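Heads up, the thing below is written out as structure tokens.
Numbering starts at 1 and runs along the sequence shown. Since this is a predicted model, take the numbers as computed values, not measurements. Numbering of ligands and ligand atoms starts at 1, following listing order.
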Amino acid sequence: MPIRNPEIECMPREQIRELQSERLVAQVARMYERVECFRNRMDAKGLKPSDIHGVEDLHLIPFSYKSDLRDYYPYGLFAEPLSNIVRVHASSGTTGKRIVVGYTQNDLEIWAECVARIMNGLGMDDASIVQVAYGYGLFTGGLGAHGGGEKIGATVIPISSGNTALQIQTMIDFGATVLCCTPSYAMYLGEEIERMGVKDQLKLEIGIFGAEPWSEDMRLKIEDALGIKAYDIYGLSEILGPGVSGECEHQCGMHVWEDHFIPEIIDPDTGEVLPIGATGELVFSTITKEGFPILRYRTRDICSLTDEKCACGRTHIRMRKPSGRTDDMLIIRGVNVFPSQIEEVLLKVSGDALTPNYQIVLDRVNNTDTFDVNVEMSESFFSDDIKSIEKLERTITEQLRSMLGISAKVHLVNPKSIVRSEGKAKRVIDNRKGKM
Ligand code: DLL
């Protein structure tokens, strides 16, 4: 049975707005005092905290960007001294430097509460056994789902991602009822389970999947393969991690926890706020975060919102599945990858062995992303010396793995074999579309 806190989750919309206004005003004042980047941006627009009276003035506040996290790396955007920061997480930036976010104890409690709301809303409780197969570590997925599971009193299995045979054995032996991982990994697990013929030994009922885009078609396939109901969960490191929003039992969009985050949809070119229902870029403001607060953060996710009544009774706005991005960020096996990171590795490794021409080729085979990087050798390096070529391929593979955290297949190809483009170089060939 779904469990919810009606006072918060079913709060009348007018009351949500009042609460948001109060929290936004306080957050603006606090950030103006403590976060230099924010203060400079407000000053540049001639704005003082006293100009922001409530959510009606949100559109006046300057946007913030992923590049701010790079410019103020690692801690420059924190609003609390490090002595009050109890955890950091990190995610890919557009360059070798990761973006870093920090949480106070209170932030971690709110995070766990946001994920717990989603879990409780799906009928999970202290009898649930939750296998968390998102990666643990700097990625927010593992510890984010973990915190929610513990908050609802479930039994959490912190197995992390990978090692598929062990995952399946654990699922069976420990009687997992809930699986948390990326949808592509869920699909892969489903296939392996079928191959091993052990589906009837599973106790799984629910899956909570996110961190990458997935289609309705894929949802049906996963539900069928694992014999579960599959639910979408959304989040990003800069705002919280998983749990910014999540689906309820009706699977009709993800409720954004508006007592903590204010969503907006804007025109990505003009920055103009679009009316509810329109498709554009999703922007978030965190109104309760202490350690790393951020206002009007441009997520680059393309999305739309709806405030239509949900059959579950919750009043918080829902977001549809993000349909793409306005930047060139790729999500490969759940990991965020920018082509510029690959370029950086190639430049570092290259000496004069490589040309600047490379191509990233993505595909989906057996529901798993394949990731190939073709790099052109220079005329001077090109030879029959297969050993040297293989050695360089290995070096690039290792450097890429250390930069991105996932493996790519690197192929050194003959000089001038990558097709030149007359306009912008086509760096990415993504054959995954329609295969999700
Ligand atoms: O992916 C946090 C997360 C972990 C969400 C586990 C859900 C489950 P980042 O690594 O910072 O954080 O990547 C954030 O991933 O801007 C979206 O482009 C994409 N993304 C996250 N969830 C979804 C989803 C985590 N449910 C970026 N559907 C975001 C589509 C998603 N895209």
Side chain, backbone, both or neither: which part of [X] has a heavy atom under 4.0 Å from ligand 1?
X: T140; result: side chain
X: S91; result: side chain
X: S237; result: both
X: I331; result: side chain
X: N336; result: side chain
X: E212; result: backbone

Please say whether [X] places an N or O atom under 3.5 Å from an N or O atom belonging to ligand 1.
X: T299; answer: no
X: D301; answer: yes
X: W214; answer: no

Please table the atom pairs, donor to acceptor, closer than 3.5 Å between any side-chain atom in residues 261-272 and protein atoms at least two apart or in another chain.
unit_1: E264; atom_1: OE1; unit_2: R296; atom_2: NE; d: 3.0
unit_1: E264; atom_1: OE2; unit_2: R296; atom_2: NH2; d: 3.0
unit_1: D267; atom_1: OD1; unit_2: D269; atom_2: N; d: 2.7
unit_1: D267; atom_1: OD1; unit_2: T270; atom_2: N; d: 3.2
unit_1: T270; atom_1: OG1; unit_2: E272; atom_2: N; d: 3.2

Taking the basic N atoms (NZ, or NE/NH1/NH2) and the acidic carboxylate oxygens, is any pair closer than 4.0 Å for [X] and [Y]?
X: D307; Y: R318; result: no
X: D224; Y: R219; result: no
X: D217; Y: K221; result: yes
X: R195; Y: E192; result: yes

Atoms of ligand 1, numbered as shown, that sit under 4.0 Å from any heavy atom of [X]:
X: P322; result: 28 (N), 30 (C)
X: I233; result: 7 (C), 8 (C), 22 (N), 24 (C), 26 (N)
X: F139; result: 1 (O), 4 (C), 10 (O), 25 (C)
X: G141; result: 4 (C), 6 (C)
X: D232; result: 24 (C), 26 (N)

Quiz prompt | With sequence neighbours excluded, residues passing side-chain hydrogen bond (donor to acceptor under 3.5 Å, both in side chains) with E14 | solution =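 Expected list: none.
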
Quiz item: Would you say the side chains of D173 and T170 form a donor-acceptor pair under 3.5 Å?
Solution: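 Their side chains do not contain a donor-acceptor pair, so the 3.5 Å distance test is not met.
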
Practice problem: Kindly say whether D363 contributes a backbone atom to a donor-acceptor pair with the side chain of T370 at under 3.5 angstrom? | Solution: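 Yes: the side chain of T370 pairs with the backbone of D363.
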
Self-check item: Between H89 and Y103, ring centroids under 6.0 Å
Solution: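 Yes, the ring of H89 comes within the 6.0 Å limit of the ring of Y103, centre to centre.
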
Practice problem: From atom 20 (N) of ligand 1, work out which of G210, G334, A211 has a heavy atom at the shortest distance. | Solution: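 Minimum heavy-atom distance to atom 20 (N) of ligand 1 goes to A211.
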
Quiz item: So do the side chains of P322 and L282 get within less than 4.5 Å of each other, counting heavy atoms only?
Solution: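 Of all side-chain heavy-atom pairs linking L282 with P322, none is under 4.5 Å.
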
Self-check item: Interatomic spacing from CG in L330 to CD1 in I342 - rounded to 0.5 Å
Solution: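 Between atom CG of L330 and atom CD1 of I342 there are 7.0 Å.
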
Self-check item: Any G144 heavy atom less than 4.0 Å from ligand 1
Solution: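 Outside the 4.0 Å threshold, so no.
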
Quiz item: Should R325 be listed as contacting ligand 1, given a heavy-atom distance under 4.0 Å as the test?
Solution: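 Checking ligand 1 against R325, which is what was asked, there is a heavy-atom contact under 4.0 Å.
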
Quiz item: To which protein heavy atom is atom 25 (C) of ligand 1 closest, and what is the distance rounded to 0.1 Å?
Solution: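 Heavy-atom neighbour on the protein nearest atom 25 (C) of ligand 1: G235 O, 3.5 Å.
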
